[in-house]
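To start, the structure under review is shown below, and the notes come after it.
Letters A, B, ... mirror the listed sequences (proteins, then strands); counts begin at 1.
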Number of protein chains: 2
Amino acid sequence: MATIYEVSKLAGVSLATVSRVMNDPSKVSEKTQKKVLAAMQQLDYRPNTIAQSLASNRSNCVGVLVSELHGPIFGTMVSSIEEELTRAGKFTIFTAGHSDAATERKGIEFLAGRKCDALILHVEALHNEFFAERQNRLLPFVLLNRFAPGLEENCISLNNELGGYQATRMLLDIGHHQIAYISGPLEWSDAKARLSGHQRALAEARIEFEDDLLVEGDYHESGGVRAMQRLLELGRPITAVVCANDEMAAGAMEVIRNSGRSIPEDISVVGFDNVRWSKFLYPKLTTVEYPVAEMSRMAAKWVLKNVYREPQVDLQYVFHPRLICRASAAAPAQGQKPAPAQVATGKKAGAGS
Amino acid sequence: MATIYEVSKLAGVSLATVSRVMNDPSKVSEKTQKKVLAAMQQLDYRPNTIAQSLASNRSNCVGVLVSELHGPIFGTMVSSIEEELTRAGKFTIFTAGHSDAATERKGIEFLAGRKCDALILHVEALHNEFFAERQNRLLPFVLLNRFAPGLEENCISLNNELGGYQATRMLLDIGHHQIAYISGPLEWSDAKARLSGHQRALAEARIEFEDDLLVEGDYHESGGVRAMQRLLELGRPITAVVCANDEMAAGAMEVIRNSGRSIPEDISVVGFDNVRWSKFLYPKLTTVEYPVAEMSRMAAKWVLKNVYREPQVDLQYVFHPRLICRASAAAPAQGQKPAPAQVATGKKAGAGS
DNA sequence: CGCTAGAATGTAAGCGCTTCCACCTACCTG
DNA sequence: CAGGTAGGTGGAAGCGCTTACATTCTAGCG
């Protein structure tokens, strides 16, 4: 492979000049540029990016850490980011954190070791403090799908609370009262936020939140299965269940169907995320859209603006979810119990008043 | 960030020695090693991988080109490869080729420019000749999911023909005669192979292959929808359809259901790939397993063995598909009349006789 | 026509590491 | 005890590029 040295010799100029035509052509006269470009072409010269990085201490490369490299959410993240960055002529290096603090840490070190210019991080295990502490020591970073107080400018996040609210609110609006909730792992902030949105909707409708009707899941299908089984065993007249992601909703639907009930006639199901296959489920899943692609692209833009100084970029830090109504949720069957207008189904009816 | 120089000073040894303890500790006495390691620890030293690559002309990094970075197939590829390589202490850089020759080419150049030690390529547009020509000019490469005559040792492939055969053979065995086929883009070799497996099964059963019953799809859901619509419009008594991938099967199932027919009572559906969500479909999809994860891991192992000289690796070049029987395929109703036993959820029993 | 500012170009010192080669000890062997 | 050997170690030359600084060239001016 030809080196810059051979190009300079063929073009009859110095190394520095060749380097300049690549990095800042305005510093070189037209005539010389032509000569150099011609020589490059003739030799089929490609700069050695490794050498460039070493010499310039910049790599034109952004590092991305995601929990997994596959799956409908992470896959979309990865590919949206790559698309946006490639369009801007930047390179991308991906690595997986597997929702494990040590692995996430190692991933960040790996990316830093490759001399990335910036990091886009989707971490789940590392805490906000980790980043707060290193805000200035670490190379520029943006946190995807996280809201960290004090680091607002480094976060691209979803209003998960609102999403949880929307799902439950819709069910309430069409007449459900006994609404179960299958959450994500409650040590994670997005899972907590989605749940508290659910709770807010209930509170607004003056329905008491009952611990029984909440099962903590794990965001996996199998977790959805287990959770739904437990809910069914309760023997309560549940007419709807909202799941903190589509994956668990798929598991829950399976269990409901196997129990001889039908969806949505007996039990309505609502998911969260709107992954690609949620409309392949039967019935098609009503869910809350998590605009992963847009958010991921925004993270890429954050880097373009803050690190590569592209000025014409408009940043949005917080995104809003949107309810997608499909077939898996409908008004409850009238017969379940003669449901009088607003009276929540019993227990301690004497809440506020 | 501390450099090797500072480590050598603190440890009281030369640069060369420090370098040796990182790269070939056997060349350094135990005592010196201890000193150096202690110094490294104390300074929190991390080698600059960029500088290492430049100096050694090796990057410990393998480049991966896939058509897309997302989706159930590519996502699995990417993450299996990364897993295997990370386990071996190697790094991975991914880029997308988007099934476009020019993009694939650029991707390969990008990876080569980053001084990868080897390439794992899942290309769709570039022809075999491209690689045959460069077998020795290009850095070591392995082609994933492709069989290129003359490059057998560089290919990890699936016996697609067999998969196509298995699907149709099973349908034949349980009594189907009118079997439609929705293929992938027939300029791609895997699509061609799957189809010819189908044809072989038909031939074996002395059933004539009819052009009418073949529709060329595009491997996307929407293509499955269009293809199935066309098949239904034919007005022929089709009792089964095999789709060249699960994606199109999902589309086909949708159309079948919307037409008032039920699956598998009226029409059996078989997919190909066994993507994760194929069992979320309703009814659960009978399909042919494409062992992407294993094959991808094998590609990684190929690199480990052939490039990084790990000797204890056993390579397998050709993989075999496996039929996964689930609920979407069953024996055809006797004589197209109301089905006897087999009744599943019996919604609209109105078969289209 | 000489002088000077500014543009264009060249020189050379690194960037942080690897690795060839030379050197220096022990330690054996005969 | 001389000579050989092999394991440890250090010196120093790069890897291919960027960039501060020095130098040369070119106009434009008085």
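- Two end axes, each from the C1' atoms of five base pairs, can be drawn for the helix from C:dC1-D:dG30 to C:dG30-D:dC1; they diverge by 50°, to 10 degrees.
- A donor-acceptor pair shorter than 3.5 Å can be found between the side chains of B:Ser19 and B:Asn23.
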Going by atom type alone, with no hydrogens or angles, which donor-acceptor pairs under 3.5 Å involve a side-chain atom of residues 112-126 of chain B and a protein atom two or more places apart or on another chain?
residue  : atom : partner  : partner atom : Å
B:Asp117 : OD1  : B:Ser59  : N            : 2.9
B:Asp117 : OD1  : B:Ser59  : OG           : 3.4
B:Asp117 : OD2  : B:Ser59  : N            : 3.4
B:Asp117 : OD2  : B:Asn60  : N            : 2.7
B:Asp117 : OD2  : B:Cys61  : N            : 3.4
B:Asp117 : OD2  : B:Tyr308 : OH           : 2.7
B:His122 : ND1  : B:Ser67  : OG           : 3.4
B:Glu124 : OE1  : B:Ser67  : OG           : 3.1
B:Glu124 : OE1  : B:Ser99  : OG           : 2.5

Walk me through whether B:Lys90 and B:Leu304 qualify under side chain to side chain contact (heavy atoms under 4.5 Å, CB included). CA-CA 9 Å; B:Lys90 308 302 175 194; B:Leu304 256 21; 4.2 Å; yes

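- Note on B:Tyr5: every side-chain N or O is 4.0 Å or more away from OP1 and OP2 of D:dA12.
- Of the residues in residues 48-61 of chain A, those lying under 4.0 Å from DNA chain D by heavy-atom distance are A:Asn48, A:Ala51, A:Gln52, A:Ala55, A:Ser56, A:Arg58.
- Between A:Arg20 and the choices A:Leu15, A:Thr32, A:Val28, the side-chain contact (heavy atoms from CB on, under 4.5 Å) rule is met once, by A:Val28.
- OP1 or OP2 of D:dT18 has at least one side-chain nitrogen or oxygen of A:Asn23 nearer than 4.0 Å.
- With hydrogens and angles disregarded, no donor-acceptor distance shorter than 3.5 Å links the side chain of A:Gln33 to the backbone of A:Val21.
- Not counting sequence neighbours, B:Phe147 has no partner by the ring pair (Phe, Tyr, Trp, His ring centres under 6.0 Å) test.
- Evaluation of the salt bridge (Lys or Arg N to Asp or Glu O under 4.0 Å) test over residues 142-154 of chain A, restricted to residues two or more places apart or in two chains, returns none.
- For the residue pair B:Ser79 and A:Glu68, no side-chain donor N or O sits within less than 3.5 Å of a side-chain acceptor on the partner.
- Taking B:Asp24 as the reference, B:Lys27 meet the salt bridge (charged side-chain N to carboxylate O under 4.0 Å, His left out) condition, with sequence neighbours excluded.
- Reading DNA chain C from its 5' end, the first and the last nucleotide to sit under 4.0 Å from a heavy atom of chain A are C:dA8 to C:dG16.
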Would you tabulate the nitrogen or oxygen pairs shorter than 3.5 Å linking the protein to nucleotides 7-10 of chain D?
residue : atom : partner : partner atom : Å
D:dT9   : OP1  : B:Ser29 : OG           : 3.1
D:dT9   : OP1  : B:Thr32 : OG1          : 2.5
D:dT9   : OP2  : B:Ser29 : N            : 3.0
D:dT9   : OP2  : B:Ser29 : OG           : 3.4
D:dT9   : OP2  : B:Thr32 : OG1          : 3.1
D:dG10  : OP2  : B:Ser14 : N            : 2.9
D:dG10  : OP2  : B:Ser14 : OG           : 3.3
D:dG10  : OP2  : B:Thr17 : OG1          : 2.7
D:dG10  : N7   : B:Arg20 : NH2          : 3.4
D:dG10  : O6   : B:Arg20 : NH2          : 2.5

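- Applying the salt bridge (Lys or Arg N to Asp or Glu O under 4.0 Å) test to every pair with at least one member in residues 35-49 of chain B, sequence neighbours left out, gives these pairs: A:Glu109-B:Arg46, B:Asp44-B:Arg46.
- Applying the ring pair (Phe, Tyr, Trp, His ring centres under 6.0 Å) criterion to A:Phe319, with sequence neighbours excluded, gives no partner residue.
- Applying the salt bridge (Lys or Arg N to Asp or Glu O under 4.0 Å) test to pairs two or more places apart or on separate chains, none has a residue in residues 295-305 of chain B.
- When the side chain to side chain donor-acceptor pair (under 3.5 Å) test is applied to A:Ser189, no partner is found at least two apart in sequence or on another chain.
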